[in-house]
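The figures here come from the full heavy-atom set of this structure, side chains too, leaving out hydrogens, waters and symmetry mates. Throughout, numbering of the chain's residues begins at 1 and tracks the sequence.
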Amino acid sequence: MFDSGKKVSVYVQASHSLKDMYLPWDGEFILSPSAGFLASTEDIAECGKGSTIMFRDTDQHKWLDPTLWLSGLSVDDLEGGKSLFHVDAERVPCQYDDVIFPPETSFCVSIEATDSAIQLKSISVMGQKFSRDEDFSQYRQSNTGKLQFTGPGSLQITNTKCRDKTGCECGNNLFLREICSNLLRHHGNKCPEVTCANPLQPVGHCCEICGATVSLEHSSQFDLENYRNRLTHTFLSLTKYSGVKLAISKVQKPLTVLGIIPRGSIPEIQIVIIDDKNGSQTGSDAQQLAYDIMSDIQSHGQTFGIIKGKLLLATGSGTSAHKTDIPVGTIFASVIGFIICVALIGATYFLYRTGVIRLPSFHAITFKRMRNRTEEVVTNMESKGFENPIFDGIPDNSTDVPPLYEGEEALKGIVIRQTGVQFTNPLYDDSTNDI
């Protein structure tokens with residue numbers, strides 16, 4: 001049974017025996033070489049009594065729905081079930097991503113109207129890759145393209161790569177309201193409850209979380225993918241962190257005056273960490289991993305071009321969320337400074353006692369009020385080189401991390417990011433026939 005008012009494009013992968021089929025007024029079947037239909041009004045005893053099957057409502061699938069996509073570092077990773085965890089805005093294909101709808105599958109996705117076009121690096125449909133906007137626009141005007149891509153929104157193919165090794169912003173902050181609306185309709189239009197007292201709100205995420213965030217200030221020597229590999233192979237590969245999910249990306253951190261008045265934003269590297277613990281243990285593994293990362297920044301941050309790391313925590317242990325701001329080398333510099341101050345005071349006292357120097361009397365001291373000036377000095381660290389600290393002797397057996405929200409079987413699209421990250425659209429599983 002197809003709804004007579006729905007327009008569909010259905011890829012048929014095998015042969016089917018049917019008694020009746022009610023077709024829509026407008027649509028198409030794309031048959032594989034071995035596909036076909038056999039219709040008969042006679043009942044077949046060994047098959048038993050049939051039932052009425054309704055074709056799914058294709059209008060419910062929105063491009064800006066995070067539950068429809070999976071992303072990975074490669075197609076092989078996605079086919080092997082390995083996907084990356086992202087904040088919600090980045091679970092939808094970003095401006096430098098390659099989107100792939102695997103061939104020999106059916107899909108229909110609605111592109112919502114937005115203030116600006118949704119930009120992609122490239123898109124592949126039915127085994128054909130489009131890297132020019134003109135070619136894809138022409139495909140969308142075809143009968144099949146009109147059935148696969150519906151809605152008033154616009155997709156723009158730019159064929160543009162991210163050329164900044166420190167990372168590029170996703171660009172989906174422009175569509176965050178629509179992304180969150182589509183996500184929350186799967187959860188009763190409200191965010192899931194959290195068990196920590198002061199939950200965190202990562203940039204680009206729809207709901208508050210329990211766990212940890214680490215914000216990094218970096219120099220031009222920082223390499224996002226290099227550091228992602230560092231975190232994956234040094235920490236996420238450990239058994240104790242098998243239930244932890246980590247997302248890392250460049251975001252625009254909003255700035256405010258007195259915490260109220262917006263005054264622009266600055267780019268920073270955001271690390272979001274959550275775990276699968278419950279109750280009072282919620283966020284405990286995320287907290288420990290965050291501590292390990294901050295400790296690693298103290299030891300190796302200079303090598304990776306990290307200037308400063310800021311840690312925020314929110315766990316279910318009953319403690320309030322708190323902040324730790326640790327510039328690289330701060331502890332070492334503080335200790336050295338304290339030793340120098342003590343040495344100077346001691347030397348001055350010794351010289352005074354031996355008569356080498358003489359302090360003026362109080363009536364001879366002239367006081368002059370001076371304006372104190374505070375100047376923040378940031379010394380950019382330079383990479384000193386190392387013996388492959390990314391792997392640090394840890395075997396490469398990183399575990400797969402599922403997405404934060406689980407949705408129903410979704411669009412079968414894949415997105416390959418500039419970094420090699422790819423999105424799979426699970427809406428249309430090739431293991432089902434959509435009938």
**Minimum heavy-atom distance between Leu147 and Cys108, given as atom pair plus value** = O-SG, 3.3 Å
**Request:** List the steps and the verdict of side chain to side chain contact (heavy atoms under 4.5 Å, CB included) for Arg91 and Leu183.
**Result:** CA-CA 11 Å; Arg91 293 170 62 190; Leu183 175 64; 4.1 Å; yes
**Request:** Check the surroundings of atom CD in Gln138: do more than 12 heavy atoms from other residues, nucleotides or ligands lie under 6.0 Å from it?
**Result:** no
**Item:** Beyond-backbone contact of Gln141 with Lys146, side-chain heavy atoms, under 4.5 angstrom
**Value:** yes
**Prompt:** Which atom names give the shortest non-hydrogen contact between Pro199 and Ala314, and what distance separates them?
**Reply:** CA-CB, 4.0 Å
**Request:** Establish, yes or no, whether the cationic atom of Lys245 lies under 6.0 Å from the six-membered ring centre of Phe85 and within 45° of the ring axis.
**Result:** yes
**Request:** Quick one: pull up CZ in Arg228 and CG in Leu246 and give me the separation to the nearest 0.5 Å.
**Result:** 9.0 Å
**Derivation and outcome, side chain to side chain donor-acceptor pair (under 3.5 Å), residues Glu28 and Thr144** = CA-CA 8 Å; Glu28 67 180 11; Thr144 299; 2.7 Å; yes
**Asked** Does a side-chain heavy-atom distance below 4.5 Å link Val92 with Cys170?
**Response** no
**Distance-only polar pair, side chains of Glu178 and Asn182, donor-acceptor under 3.5 Å** = no
**Item:** Minimal non-hydrogen separation, Cys207 against Pro202, with atom names
**Value:** O-CD, 4.3 Å
**Prompt:** Who are the salt bridge (Lys or Arg N to Asp or Glu O under 4.0 Å) partners of Asp276, not counting sequence neighbours?
**Reply:** none
**Fill in**
Between Gln156 and Asp133 the two heavy atoms that sit nearest each other are CA-OD1, 3.4 Å
**Prompt:** Do side-chain atoms of Asn159 reach the backbone of Arg132 as a donor and acceptor pair under 3.5 angstrom?
**Reply:** no
**Request:** Check whether more than 12 heavy atoms from other residues, nucleotides or ligands sit under 6.0 Å from atom CZ of Arg185, and answer yes or no.
**Result:** yes
**Message:** A side-chain contact here means heavy atoms from C-beta on lying under 4.5 Å apart; do Leu224 and Ile269 qualify?
**Reply:** yes
**Item:** Ser154 side chain to Ala117 backbone, donor-acceptor under 3.5 Å
**Value:** no
**Request:** Examine distances only and state if a side-chain atom of Ser242 and a backbone atom of Thr239 form a donor-acceptor pair shorter than 3.5 Å.
**Result:** yes
**Asked** So do Ile293 and Leu231 actually touch side chain to side chain, heavy atoms under 4.5 Å?
**Response** yes
**Request:** Determine, using ring centers only, whether Tyr22 and Phe2 are less than 6.0 Å apart.
**Result:** no
**Item:** Test log, rule side chain to side chain contact (heavy atoms under 4.5 Å, CB included), inputs Phe29 and Val8
**Value:** CA-CA 8 Å; Phe29 292 105; Val8 297; over 6 Å; no
**Prompt:** At what distance, to the nearest 0.5 angstrom, does CD of Glu268 lie from CG of Leu216?
**Reply:** 8.0 Å
**Prompt:** Do you know which two heavy atoms are closest between Cys196 and Ile209, and how far apart they sit?
**Reply:** SG-O, 4.0 Å
**Message:** With a 3.5 Å distance limit and no angle check, can you tell me whether Ser142 reaches the backbone of Gly145 through a side-chain donor-acceptor pair?
**Reply:** yes
**Message:** Counting neighbours of NZ on Lys7 that are heavy atoms of other residues, nucleotides or ligands and sit closer than 6.0 Å, is the number greater than 12?
**Reply:** no
**Message:** Using a 3.5 Å distance criterion without hydrogens, assess whether the side chain of Ser15 forms a donor-acceptor pair with backbone atoms of Ser34.
**Reply:** yes
**side chain to side chain contact (heavy atoms under 4.5 Å, CB included) assessment of Tyr96 paired with Thr158** = CA-CA 8 Å; Tyr96 299 108; Thr158 65; 6.0 Å; no
**Item:** Side-chain heavy-atom pair Trp69, Val99 within 4.5 angstrom cut-off
**Value:** yes
**Item:** Sequence-distant partners of Tyr139, ring pair (Phe, Tyr, Trp, His ring centres under 6.0 Å), two or more places apart
**Value:** Phe130
**Asked** For the side chain of Glu225 and the backbone of Asn229, is there at least one donor-acceptor N/O pair under 3.5 Å apart?
**Response** no
**Asked** If only atom types and distance count, is the side chain of Ser284 paired as donor or acceptor with the main-chain N or O of Gln281 below 3.5 Å?
**Response** yes
**Asked** Looking only at heavy atoms, what is the nearest atom pair of Ser32 and Ala14, with distance?
**Response** OG-N, 4.3 Å
**Request:** Give a yes or no on whether the backbone of Leu313 and the side-chain of Gln287 come within a donor-acceptor separation of less than 3.5 Å.
**Result:** no
**Request:** Given side chain to side chain donor-acceptor pair (under 3.5 Å), test Lys253 with Ser215 step by step and report yes or no.
**Result:** CA-CA 9 Å; Lys253 178 185 177 182; Ser215 301; 5.6 Å; no
**Prompt:** Ignoring hydrogens and geometry, is there a side-chain-to-backbone donor-acceptor pair from Asn172 to Pro93 under 3.5 Å?
**Reply:** yes
**Complete:** NE2 (His300) and OG (Ser295) are apart, to the nearest 0.5 Å, by 8.5 Å
**OG on Ser249 to NE2 on His86, rounded to 0.5 Å** = 8.5 Å
**Asked** Under the 3.5 angstrom rule, does the side chain of Asp285 hit a backbone N or O of Lys277 as a donor-acceptor pair?
**Response** no
**Complete:** Output for pair (Asn226 CG, Gln221 CD), nearest 0.5 Å, gives 11.5 Å
**Request:** Using a 4.5 Å cut-off on heavy atoms from C-beta on, say whether the side chain of Val244 contacts that of Phe235.
**Result:** no
**Message:** Between Asp164 and Lys250, does any NZ, NE, NH1 or NH2 come within less than 4.0 Å of an OD or OE carboxylate oxygen?
**Reply:** yes
**Prompt:** Is the ring centre of Tyr11 less than 6.0 Å from the ring centre of Phe107?
**Reply:** no
**Item:** Intermediate values then yes/no, side chain to side chain contact (heavy atoms under 4.5 Å, CB included), Thr213 and Ile273
**Value:** CA-CA 6 Å; Thr213 62; Ile273 311 170; over 6 Å; no
**Item:** Glu134 atom CD: more than 12 heavy-atom contacts under 6.0 Å
**Value:** yes
**Message:** Between Asp97 and Cys94, is there a side-chain heavy-atom distance shorter than 4.5 Å?
**Reply:** yes
**Prompt:** Measuring from Phe175:CZ to Trp63:CH2, what's the distance to the nearest 0.5 Å?
**Reply:** 11.0 Å
**Prompt:** Can a donor-acceptor pair be found between the side chains of Glu169 and Gln252 at a distance below 3.5 Å?
**Reply:** yes
**Request:** Establish, from distance only, whether the side-chain atoms of Thr195 and Thr282 form a donor-acceptor pair under 3.5 Å.
**Result:** yes
**Asked** Can you tell me if the gamma sulfurs of Cys191 and Cys206 fall under 2.5 Å?
**Response** no
**Asked** Going by heavy atoms in the side chains, are Gln148 and Val109 under 4.5 Å from each other?
**Response** no
